[in-house]
Amino acid sequence: MAQQQKPLVTNIFTADPSAHVFNGKIYVYPSHDLAHEGEDNDEGDEYQMEDYHILSIDNLDAECVDNGEALHMRDISWVSKQMWAPDCAFKNGKYYLYFPARDKDGIFRLGVAVSDKPEGPFKAEDNYIEGSFSIDPAVLVDDDGQSYIYFGGLWGGQLEKWQTGKFVADPAEIPADAAALGPRVAKLSDDMLHITETPMQITILDENGEPIKAGDEDRRYFEGPWMHKYNGKYYLSYSTGTTHYIVYATSDSPKGPFTYQGRILEPVIGWTTHHSIVEWNGKWYLFYHDSSLSGGINHRRCVKFRELKYDADGKIIPMQYDDLV
Ligand code: FUB
């Protein structure tokens, strides 16, 4: 397990890893951090990414491979800037890369690009997915063949601006004792290129069946949703942003409501934390990032992974960041 817990690659900065097993290998779909000197602020202006490189790992002892540029914003007509955290799904013999970026009006939208190969190159559709907004898409192809896209992120990710269903540039602050905003979910069409319904807000409940409050920053949703299934249950995991935890909630349904369960990962080096969870050869793995490769610069991050374990009740065993370094 030589390469676990150290950066998967060091030739480029990588972040926001979405890991999948395709054809027996791990493919990691990360953001590609660039060395811009943009202002570091709550809008995320320092995250000025322009393209995607897909990483692959043949086996646990092999070096990770950077498969080179798979998609660049110069080739996408609707994008103005900031190609943030992507995900990929396989269906109908093709690979679909979902990605957020700002459109020409500065509004984050979700796009999709298609390839015959998991490592690309990908060709983007001419426009963003109609009805999409905000950031951090994550796609689940469920066991019955129905696909769902989960997305949304606060602050720079603009989720607060969509509370009415329309973009409001300067929305009122959500009171701390009001229900927190949740990620959105929508069904994808069979051809994986469209959403077939108005995105629904996911509710995350506490142990008393009450919605988690906006002021409960240790548990409320911030960004980076990931969906996986374990023993038939749906596990929604996400970042709490301002408090820097990766936490999770479970449900019997892909659209929830979900019940908060606990933490997966303590804060890492750097402001953001973002992850994915994947089963490979009978074991489960957490892919995550930190800023250790750049000595702590928030927008120059590196992707790592380690094994993730469940207890007999299906609870994820929490990981201390110190365990990982
Ligand atoms: O990489 C840019 C943004 O930082 C992502 O969209 C968020 O999830 C956070 O990791």
Main-chain N/O of [Y] paired to [X] side chain as donor or acceptor, under 3.5 Å:
X	Y	result
His32	Glu50	no
Ser77	Asp126	yes
Ser80	Gly106	no
Arg109	Ser132	yes
Asp58	Ala62	no

Indicate, with yes or no, if [Y] and [X] share a hydrophobic cluster defined by side-chain heavy-atom contacts under 4.5 Å among Ile, Leu, Val, Met, Phe, Trp and Tyr.
X	Y	result
Val168	Ile174	no
Val139	Ile277	no
Ile26	Ile12	yes
Phe151	Tyr234	yes
Met200	Tyr148	yes

Would the [X] and [Y] ring centres measure less than 6.0 Å apart?
X	Y	result
His228	Trp284	yes
Tyr230	Tyr310	yes
Tyr248	Trp226	no

Using every non-hydrogen atom in the two residues, find where [X] and [Y] come nearest and quote the distance to one decimal.
X	Y	value
His275	Tyr238	CE1-N, 3.7 Å
Met49	Met73	O-SD, 4.3 Å
Asp87	Ser18	OD1-CB, 3.2 Å
Asn59	Trp280	CA-CH2, 3.7 Å
Tyr221	Leu181	CB-O, 3.8 Å
Tyr27	Phe22	CE1-O, 3.4 Å

Quick check for you: to the nearest 0.5 Å, what is the distance between [X] atom [atom1] and [Y] atom [atom2]?
X	Y	atom1	atom2	answer
Tyr47	Ile135	OH	CD1	10.5 Å
Ile316	Leu286	CD1	CG	8.5 Å
Tyr29	Tyr95	OH	OH	7.0 Å
Thr250	Leu236	OG1	CG	9.5 Å
Phe287	His289	CZ	NE2	14.5 Å
Met319	Lys309	CE	NZ	9.5 Å

* Asked: Is the NZ or CZ atom of Arg301 both under 6.0 Å from the centre of the six-membered ring of Phe13 and within 45° of that ring's axis?
  ->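 Geometry flag: not set, cation outside 6.0 Å or 45°.
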
Do the side chains of [Y] and [X] get nearer than 4.5 Å, heavy atoms only?
X	Y	answer
Asp144	Gln146	yes
Phe133	Leu110	no
Phe122	Cys88	yes
Pro30	His53	no
Pro211	Ile204	no
Asp206	Tyr260	no
Pro100	Pro137	yes
Arg102	Gln158	yes

* Asked: Could you walk me through whether Phe99 and Trp84 pass the ring pair (Phe, Tyr, Trp, His ring centres under 6.0 Å) check?
  -> CA-CA 7 Å; Phe99 59 94; Trp84 283 9; over 10 Å; no

* Give every residue pair that meets the salt bridge (charged side-chain N to carboxylate O under 4.0 Å, His left out) criterion with at least one member in residues 165-187, sequence neighbours excluded. => none

* Going by the salt bridge (Lys or Arg N to Asp or Glu O under 4.0 Å) test, name the single residue among Lys6, Arg300, Lys304, Arg306 that passes it with Asp290. => Lys304

* **Residue from Asp16, Leu265, Ile264, Thr273 passing side chain to side chain contact (heavy atoms under 4.5 Å, CB included) with Tyr288** =>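 That would be Leu265.
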
* **More than 12 heavy atoms from other groups under 6.0 Å of CD on Glu207** => yes

* Asked: Between Asp216 and Lys213, is there a salt bridge with N-O shorter than 4.0 Å?
  ->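 Salt bridge absent between Lys213 and Asp216.
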
* Lys25/Glu119 ion pair, N-O < 4.0 Å -> no

* Side chains of Lys315 and Gln261: is there a donor and an acceptor less than 3.5 Å apart? ->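 Yes, side-chain donor-acceptor contact under 3.5 Å.
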
* Asked: Does a side chain donor of either Ser294 or Ser291 reach within less than 3.5 Å of an acceptor in the other side chain?
  -> no

* Test log, rule side chain to side chain donor-acceptor pair (under 3.5 Å), inputs Glu217 and Thr242 -> CA-CA 7 Å; Glu217 295 189 24; Thr242 50; 2.6 Å; yes

* Which pairs count as side chain to side chain donor-acceptor pair (under 3.5 Å) when at least one residue sits in residues 190-204, sequence neighbours excluded? ->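 Those involving residues 190-204 are Ser189-Asp191, Glu197-Lys255.
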
* To do: List for me each residue that meets salt bridge (charged side-chain N to carboxylate O under 4.0 Å, His left out) alongside Asp143, sequence neighbours excluded, and say none if there are none.
  => Lys229

* Tell me, with the steps shown, if Ser56 and Asn67 meet side chain to side chain contact (heavy atoms under 4.5 Å, CB included). => CA-CA 7 Å; Ser56 54; Asn67 292 284; 3.1 Å; yes

